[in-house]
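All values below come from the heavy atoms of this structure, side chains included, with hydrogens, waters and symmetry mates left out. Every chain is numbered from 1 and lettered A, B, ... according to where its sequence line falls, protein lines coming before strand lines.
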Number of protein chains: 2
Amino acid sequence: MDGGVIKRAGVTSFQVAEHAGVSQSAVSRTFTPGASISTKTRAKVLMSAKELGYRPNAIARSLITSRSRIIAVVMAYLENLFYPDVLEELGRLLAAEGYHLLLFTGFMDRDSDPVFDQLMQYQVDGIILASTSLSSELSDECATAGIPVVLFNRTTERDSVSSVTSRNREGGRLLADFLVAGGHKSFGYIAGIENSSTNRDRLGGFREQLLVHGVDELVIRTGNYSRVEAQVAAREMLSLPVRPEAIFVANDHMAVAVMDVARYEFGLSIPDDLSIVGYDDAGPARWPSYGITSVSQPVNEMTSATVDILLDQIHSGDMEPLHRIVSGELIVRSSARQPAAGVIEIDGRCLYRPSPGT
Amino acid sequence: MDGGVIKRAGVTSFQVAEHAGVSQSAVSRTFTPGASISTKTRAKVLMSAKELGYRPNAIARSLITSRSRIIAVVMAYLENLFYPDVLEELGRLLAAEGYHLLLFTGFMDRDSDPVFDQLMQYQVDGIILASTSLSSELSDECATAGIPVVLFNRTTERDSVSSVTSRNREGGRLLADFLVAGGHKSFGYIAGIENSSTNRDRLGGFREQLLVHGVDELVIRTGNYSRVEAQVAAREMLSLPVRPEAIFVANDHMAVAVMDVARYEFGLSIPDDLSIVGYDDAGPARWPSYGITSVSQPVNEMTSATVDILLDQIHSGDMEPLHRIVSGELIVRSSARQPAAGVIEIDGRCLYRPSPGT
DNA sequence: AAAAACTCTGCATACGCATGCAAAACGCTT
DNA sequence: AAGCGTTTTGCATGCGTATGCAGAGTTTTT
């Protein structure tokens, strides 16, 4: 009963070999780039393969090569359009290199263990961690297991694992310069997840540069990168007896929520009554209804750096952690009062680049 | 040289077996739910496994069971927040069932072949097609290959493959009722991808019901579900000698773009000068700055129906195509002039439910 | 024309696990 | 204590492919 039954989708290399009158090895070599095979037999095999509807079984191939050509991407949440954007670009880049993207999402801080287990079981070739809140043990453990890991938009203290970030500290400084130059006197900060490196750096740079300008007061509330928590934070901050003239919100995703609260719950006019600046230059920030003045994180540059590092490590087997830091720009829009000088237009975008002497 | 080398992460069931003093079969059975194994040996194996850091190799398991526990999700684009939302929920549901999500994105209409090849090679257990524009041949071909497929938010004429949609035709009708009841006299429609089923149905229902109200003129422009194309379409439509009083935009993603054009390029006040309604009730539609009156597509209901159907088909092997159609609500916000009657408030949401007799 | 240097090809094996089958161990009953 | 049924165990095999090795075939060199 094994000779007459035609299995649905189970065409194997043996059947193709038989049909083409060659050995199974020949079939395998036909589908292995760079293998030693003559043009003639290759053609024969390809013809038989097409006729039988054969496709190499990636699972079996993975088993023997111990390479799955699968990259795991771990993202905490997709609510923030910056991440879908990143995800799409990562997919594109990986596909171009013949890799595939296994998505893990929705795992915030706790419960990272099951995720990790899954990753390991699937023998993924590499891992991209774009989750701002995943325990750093996980990344260490992966590194130990010999699986290349790249942190996206995040770093750890111990630099045992590669990362790609933007100059968050400089971004924070630049925003401080911008707001001070714009004549603001009092400032607020709505934080992301407090122990995330991006949050620490953005706040650090902001506060540092405010100090340079002689400002040592900064009202802080926490929004944990969540829309609703940011709204709560905004309500608190705007209800203060004297509310800050300018608020730096740790990312655009929250900044949108904060703007909505300011406008529709407090009736404030932006930027006349209140200036708001954000970070990421993500989708909604660019929409005219928000027009958020924001420091950009260049998605293309960051994603391609990520994929480059990851694939390099996979192919070379070299585990030396690399850190790529890319530069963003302060993109000036309408959500914050502008300084008299320093705003220039390049390629249709308004940027803030204070002259060095100031 | 094979006996002394310790491979990085290559702990196999044999090594665990040896360490625990049992056979490899015992190890396998320990990690196979429902297999025949005594509590005692199971405990021994688990202990050894933990000590050696053993994890079953999912690839090898897949090879033998011919079940990968991987579901492919094909999405054309993530720019529209509705889809990231869906994606996240699908990930959650699949993870809960022990399945994983292989993401394919960025492939619009053409070039579906490579995607298909990849899918087949990875022996995915099922496919969720949330791409509004992928050729229907693909879905047929998968069905032929015996891989369960569910179309998400989309159907085909030949109902050879399962699908989950919402009542798009009814939604279109309801919007027509709503706008007519709101006193609008002239209407426009900004279309999605023209041959997509959702677009056809929404437009069909809208136009049909306008006719019922004696309106037979409808200005149509196409936005192809893309933000920039929707902007172009909006500019055209709003530049018309007599512009429509109300515009139905085929989804919220485009409606946001249209609102921005209307407000910031044409200086129109919404809803005083122009009413806009959308579809999906996606993220930005709910943000106060847009507040789009929109027919909802319940993400949770749709995703869980999708996963249910898919897993059912995988487990039963039954290929009978199922079609689940879920109901949405017309959620009333501020982007369109409201009718005098029919708007009711339930659970803090304003809905439009015209009394049947009208 | 023979030898040398390549290029192809098939054979055999291994990757890590699941599972049918038969033997062994166990728990009860008579 | 022997017989029976039930659970547990190990053996052996197979899933579909890649690849080292040796032999066959082909081209180049002397």
Asks: Could you tell me whether the phosphate oxygens of C:dG16, OP1 or OP2, come under 4.0 Å of any side-chain nitrogen or oxygen in A:Tyr122?
Replies: no
Asks: Do any of residues 42-49 of chain A sit with a heavy atom less than 4.0 Å from DNA chain D, and if so which?
Replies: none
Asks: Please state whether the phosphate of D:dT7, meaning OP1 or OP2, lies under 4.0 angstrom from any side-chain nitrogen or oxygen of B:Ser36.
Replies: no
Asks: On DNA chain D, nearest-nucleotide positions of A:Val27 versus B:Ile37: which is more 5'?
Replies: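 Whichever sits nearer the 5' end wins; that is B:Ile37.
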Asks: Given ring pair (Phe, Tyr, Trp, His ring centres under 6.0 Å), test A:Phe31 with A:Tyr54 step by step and report yes or no.
Replies: CA-CA 11 Å; A:Phe31 290 93; A:Tyr54 169 76; 5.4 Å; yes
Asks: Categorize A:Thr41 for me: base, sugar-phosphate, or nothing, with a 4.0 angstrom heavy-atom threshold over every strand shown.
Replies: sugar-phosphate
Asks: Examine C:dT9: is either OP1 or OP2 under 4.0 Å from a nitrogen or oxygen in the side chain of A:Ser38? Give yes or no.
Replies: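 Answer is yes, contact under 4.0 Å.
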Asks: Should the pair A:Tyr77 and A:Tyr83 be assigned to parallel (<30°), tilted (30 to 60°) or perpendicular (>60°) ring geometry?
Replies: tilted
Asks: Go nucleotide by nucleotide along DNA chain C from the 5' end; which of B:Ala60 and B:Lys40 gets its closest nucleotide reached first?
Replies: B:Ala60
Asks: With respect to the phosphate group of C:dT9, does any side-chain polar atom (N or O) of A:Ser23 fall under 4.0 Å of OP1 or OP2?
Replies: no
Asks: Taking atom CD of A:Glu18 as the centre, report whether more than 12 heavy atoms of other residues, nucleotides or ligands fall under 6.0 Å from it.
Replies: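 Counting neighbours around CD of A:Glu18, 12 or fewer heavy atoms of other residues, nucleotides or ligands fall under 6.0 Å, so no.
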Asks: Whether the A:Thr306 and A:Thr303 side chains hold a donor-acceptor pair (N or O, under 3.5 Å, no angle test) is what I'd like checked.
Replies: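 A:Thr303 and A:Thr306 do not have a side-chain donor-acceptor pair below 3.5 Å.
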Asks: Between D:dG16, D:dG10, C:dC17, which nucleotide has the shortest distance from any of its atoms to the side chain of B:Leu63?
Replies: D:dG16
Asks: Quick test: give all pairs of protein nitrogen or oxygen and nucleotides 19-25 of chain D nitrogen or oxygen below 3.5 Å, distance rounded to 0.1 Å.
Replies:
from	atom 1	to	atom 2	distance (Å)
D:dT19	O4	A:Ser25	OG	3.3

